[in-house]
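What you see is a predicted model, and the numbers here were worked out from it, not measured in a lab.
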Amino acid sequence: MTTINDREKAFENKFARDADLQFKVGARRNKLLGLWVAEKLGKTGADAEAYAKEVVMSDFEKPGFDDVLHKINNDVTAARISITKEEICAAAEKFLGEAKTQLMTE
């Protein structure tokens, strides 16, 4: 029985590690995306960091990427900056890869 219990615990631990890594990758992607948008909005330094944090926090509103996309789209529209949803999604994909690389090398 211990072999089965050990395997079960190992699977549970792997699932928990994978979920934690996925969360961290998503948060890092959103931060990188927030910094990219902040630059487009003309924000620098602490203002850019604060904006990136807002983007990260917006992801906790509902599951999925839609809440982040909605926030960014509203912000760039309000600032009268021409960035399409497709460009935001393409940047998010790019930053997802960067986030994975960054977290794997830490």
Q: Determine, stepwise, if the pair Asp67 / Lys71 fulfils salt bridge (Lys or Arg N to Asp or Glu O under 4.0 Å).
A: CA-CA 6 Å; Asp67 43 357; Lys71 181 205 182 353; over 6 Å; no
Q) Within the distance-only criterion (no hydrogens, no angle test), does the side chain of Thr77 pair as donor or acceptor with the backbone N or O of Asn74 below 3.5 angstrom? A) no
**Q.** Minimum-distance pair of heavy atoms, taken over all atoms of Leu33 and Phe65
**A.** CD2-CZ, 3.8 Å
Q: Output the distance between atom NZ (Lys85) and atom NE2 (His70), rounded to the nearest 0.5 Å.
A: 8.5 Å
Q.
side chain to side chain contact (heavy atoms under 4.5 Å, CB included), that's the test. Do Phe23 and Asp59 meet it? Break it down for me.
A. CA-CA 11 Å; Phe23 172 80; Asp59 196 21; over 6 Å; no
Q. Of the non-hydrogen atoms in Ile81 and Lys40, which two are nearest, and what is the gap between them?
A. CD1-O, 3.1 Å
Q.
Ignoring hydrogens, what is the shortest heavy-atom contact between Ser82 and Glu87? Give both atom names and the distance.
A. O-OE1, 4.0 Å
Q: Answer with yes or no whether the hydrophobic clustering places Val25 together with Val68; edges join I, L, V, M, F, W, Y residues whose side-chain heavy atoms lie under 4.5 Å apart.
A: no
Q) Which atom names give the shortest non-hydrogen contact between Lys43 and Ala48, and what distance separates them? A) O-CB, 3.8 Å
Q. Same cluster for Tyr51 and Trp36 if Ile/Leu/Val/Met/Phe/Trp/Tyr side chains link at under 4.5 Å?
A. yes
**Q.** Gln22 atom CD: more than 12 heavy-atom contacts under 6.0 Å
**A.** no
Q | Minimum heavy-atom distance between Val55 and Asn30, given as atom pair plus value | A | CG1-O, 3.5 Å
Q: Determine, using the 4.5 Å side-chain heavy-atom cutoff (strictly less than), whether Leu69 and Leu41 are members of one ILVMFWY cluster.
A: yes
Q: To the nearest 0.5 angstrom, please state how far the CZ atom of Arg28 sits from the OG1 atom of Thr101.
A: 11.0 Å
Q.
Would you compute the distance between atom CG of Leu103 and atom OG1 of Thr105 and round it to the nearest 0.5 angstrom?
A. 7.5 Å
(Q) Quick check: is Leu32 connected to Ile83 through a chain of hydrophobic side chains (ILVMFWY, heavy atoms under 4.5 Å apart)? (A) yes
(Q) My understanding is that only residues two or more places apart in sequence, or in another chain, count here; which of them pass salt bridge (Lys or Arg N to Asp or Glu O under 4.0 Å) with Glu49? (A) Lys31
**Q.** Inter-residue atom distance Glu39.CD - Thr44.OG1, 0.5 Å rounding
**A.** 10.0 Å
